[in-house]
Number of protein chains: 2
Amino acid sequence: MSGQSSLDKLIAILDLFTEDHLEWTPDALIKATGYARPTLYRYLKTMKEAGLLTSLPGAGLTLGPRVVEMDYLMRKSDPLVHHGRPYLEGLTATWPATALLVRWYGRRLLCIDSEVSTTNPLSSYPRGRPMPLARGAISRSIMAFLPRKTMMAMIEENLSDLNSIGLGATPPEIAESLKQVRKQGYAIAYGEVTPGVVGIAAPVFDAASTPIASLCMTIAGNLIASDKLDQISSRIRQCADEISDKLGRIRANDTEMAGGDVPLETADPKERKFT
Amino acid sequence: MSGQSSLDKLIAILDLFTEDHLEWTPDALIKATGYARPTLYRYLKTMKEAGLLTSLPGAGLTLGPRVVEMDYLMRKSDPLVHHGRPYLEGLTATWPATALLVRWYGRRLLCIDSEVSTTNPLSSYPRGRPMPLARGAISRSIMAFLPRKTMMAMIEENLSDLNSIGLGATPPEIAESLKQVRKQGYAIAYGEVTPGVVGIAAPVFDAASTPIASLCMTIAGNLIASDKLDQISSRIRQCADEISDKLGRIRANDTEMAGGDVPLETADPKERKFT
DNA sequence: CCCGAAATCTCTAATAATGAGACTTCTTGC
DNA sequence: GCAAGAAGTCTCATTATTAGAGATTTCGGG
């Protein structure tokens with residue numbers, strides 16, 4: 001079907017373990033993949049040894065411990081998680097809201113960490129939750145700061161989504177709207193991802209001033225007076241900027257940027273991870 | 001060196017991303033693996049497309065979004081996490097402690113979820129943290145309930161560790177000590193994993209009454225009066241039993257077991273996951 | 001102790017992986 | 001704006017690896 005090389009085949013097997021089918025028997029996999037029995041078992045053996053898969057006591061297979069460990073590794077040494085945490089806590093301490101940190105992977109937006117202070121949040125954003133690529137404040141807060149070329153490509157790819165939000169009809173129009181976001185330094189979205197919820201997001205930059213993530217806060221819509229919104233927004237932007245600074249961003253010609261002038265020591269390798 | 005098949009080579013690359021080296025450049029990988037440049041880049045391409053790796057803006061590679069998503073998948077549909085959470089919260093609400101749920105993967109013990117209620121816990125147990133296989137209450141609470149054969153094999157493999165804890169000098173002696181644990185239904189360890197911390201752990205069973213996990217609580221040693229310890233222990237055991245029941249365990253001839261007689265509906269496939 | 005299902009082994013044809021070196025990009029410096 | 005260097009990709013013949021049919025072993029119950 002799709003896979004040619006044996007690597008692709010391994011990946012294809014991994015691909016089968018999805019939300020609605022996280023448990024497979026070898027025979028089901030044989031049917032699904034079309035590989036011969038010995039072939040499939042060979043793959044399974046390798047994958048189980050690597051810990052990517054594990055066999056359930058009751059004769060089945062699932063994703064294995066290696067996955068959990070790798071995520072742990074990433075979390076543990078991700079400077080973004082590390083530096084972001086206090087801000088997530090700070091924000092949720094001030095307002096009854098959900099604060100989240102979302103990383104941009106080029107083709108995916110994934111929640112990396114979150115903190116909640118409302119008693120019953122309207123939706124949850126645990127680590128690993130994928131966010132829509134072209135809807136919501138998070139998306140825009142990042143798009144607006146991409147290199148023009150990348151940005152335009154992304155706009156083209158998600159044109160219909162961006163239309164329906166009302167950002168503009170044509171790519172240039174949309175780019176214009178994003179320019180606003182860029183100027184403000186944050187994006188606001190009303191119920192684009194979750195109805196009834198306002199999202200405010202500001203980008204986080206790495207040492208090379210590339211946007212790599214977004215700090216976002218979501219609040220139940222009826223709680224916000226418009227004057228408060230300004231206050232919240234600038235706080236979020238400030239937090240995002242501080243995180244960027246901690247990641248070692250070099251303040252280019254961004255004198256307009258808010259926030260203190262923390263002089264940064266040379267980036268320690270440990271700190272540079274993921275950036 | 002080690003890898004023969006291309007699958008093994010892929011895994012070998014993955015293996016290189018460790019705690020102390022989570023960021024690699026292609027050239028470093030070429031040196032580390034010994035593959036030719038086109039070969040390595042072929043691997044990288046596949047792995048990046050699969051999301052297992054991702055390239056950092058500043059020219060390097062790390063583990064990719066796929067890892068985070070897979071862990072999310074596992075967490076989201078893991079009935080153990082789902083059913084265990086309320087108990088973790090309940091336990092930490094009653095005592096100033098850390099409660100954790102640890103899954104047994106045959107060769108690894110990994111923390112799956114945890115909750116903390118002490119202000120400054122002596123050590124942390126986030127999801128994904130590996131636990132020692134043959135030390136501490138968790139380890140013993142599971143070992144004691146394994147089929148004899150498996151148990152003896154495990155004892156042999158970790159003899160020196162088990163010795164040093166004082167469980168016994170020879171395998172049969174150790175087995176005898178574990179019999180005690182089995183009778184009690186829980187294990188206690190004094191500072192075996194973290195000095196100054198007492199751990200109390202009880203096993204969690206799947207539908208087929210195979211031990212698959214352990215519910216554990218750790219408390220700073222000086223906080224415990226020995227009469228309280230009994231109380232805590234039986235509560236933990238009770239919680240673990242209730243979790244087992246929710247996972248669909250069939251109460252075999254375990255009339256001695258504590259806890260209510262919740263009659264269980266037939267295991268819904270969704271619930272059977274991971275068990 | 002024996003049965004059936006699950007997993008592994010054997011072995012050759014055929015297929016896919018390898019790597020030297022040429023060839024594109026893309027950066028970065030001047 | 002151009003040139004030099006680095007990073008990544010392509011081509012293609014050689015070679016080693018993978019696939020799969022079928023036999024064989026192992027395991028788990030009854």
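First the proteins, then the strands, lettered A, B, ... as listed; each starts at 1.
In terms of position on DNA chain D, the residue among B/Ser6 and B/Lys45 whose nearest nucleotide sits closer to the 5' end is B/Lys45. Of the two residues near DNA chain C, B/Tyr43 and A/Lys149, the one whose nearest nucleotide lies more 5' is B/Tyr43. Remark on DNA chain C: of its neighbouring residues A/Arg42 and B/Arg37, the 5'-side contact belongs to A/Arg42, judged by nearest-heavy-atom nucleotide.
The shortest side-chain heavy-atom distance between B/Trp104 and B/Leu133 falls under the 4.5 Å cut-off.
Residue A/Lys9 holds its NZ atom at 10.0 Å from CG of A/Leu7, rounded to the nearest 0.5 Å.
In 5' to 3' order, the nucleotides of DNA chain C bounding all contacts with chain A (an atom under 4.0 Å from a heavy atom) are C/dA6 to C/dA17. Taking a heavy-atom distance under 4.0 Å as the criterion, the stretch of DNA chain D touched by chain A extends 5' to 3' from D/dA19 to D/dG22.
Put simply, the side chain of A/Arg237 never gets that close to the backbone of A/Tyr186: no donor and acceptor are under 3.5 Å apart. Checking side-chain atoms of A/Ser177 against main-chain N and O of A/Leu167 turns up a donor-acceptor pair under 3.5 Å. Without hydrogens or angle criteria, B/Thr210 side chain to B/Asp206 main chain gives no donor-acceptor distance under 3.5 Å.
Side-chain N/O atoms of B/Asp241 and B/Ser244 include no donor and acceptor closer than 3.5 Å.
By the 4.0 Å N-to-carboxylate-O rule, B/Lys31 lies too far from B/Asp27 to be salt-bridged with it.
Scanning for side chain to side chain donor-acceptor pair (under 3.5 Å) contacts around B/Ser139 gives an empty result, with sequence neighbours left out.
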